[in-house]
Amino acid sequence: MDIVFLIATIVSFANVIYAFTTKRVLFAGGFIDYYDNKSHFFAGLFASILFIFFYGGFYFFIFPNVK
């Protein structure tokens, strides 16, 4: 299970970096452009940031020894 959460964290981090550099975010099965739909763009960005926090933060840093 560690590898699944690690992959999810890395993909979410890459998505956030991509969103900040290109103003496009991968969310809900496709890329959403900032200029086309700002509310969906920020929803996808917020979801990716939450994935980093919950998958990476909770699983690897806050509760690393819980089985």
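Predicted model only: the values in this text are computed from it and were never measured.
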>> Could you check whether any side-chain heavy atom of Phe20 comes within less than 4.5 Å of a side-chain heavy atom of Leu45, counting everything from C-beta outward?
In response: yes
>> Once rounded to the nearest 0.5 Å, what's the spacing between atom CZ of Phe46 and atom CZ of Phe53?
In response: 10.5 Å
Indicate every side-chain donor-acceptor pair of residues 23-37 with a distance under 3.5 Å to a residue at least two apart or in another chain.
residue: Asn37; atom: OD1; partner: Ser39; partner atom: OG; Å: 3.1
residue: Asn37; atom: ND2; partner: His40; partner atom: ND1; Å: 2.7

>> Tell me whether Tyr18 at atom OH has more than 12 heavy atoms from other residues, nucleotides or ligands lying less than 6.0 Å away.
In response: yes
> Can you name the residues that form a side-chain hydrogen bond (donor to acceptor under 3.5 Å, both in side chains) with Ser12, not counting sequence neighbours?
Replying inline: none
> In terms of hydrophobic clusters joined by side-chain contacts under 4.5 Å, are Val4 and Ile52 together?
Replying inline: no
> Would Phe41 and Ile49 show up in the same hydrophobic cluster when neighbours are defined by side-chain heavy atoms closer than 4.5 Å?
Replying inline: yes
> By side-chain contact (heavy atoms from CB on, under 4.5 Å), which residues pair with Ile10, not counting sequence neighbours?
Replying inline: Leu6
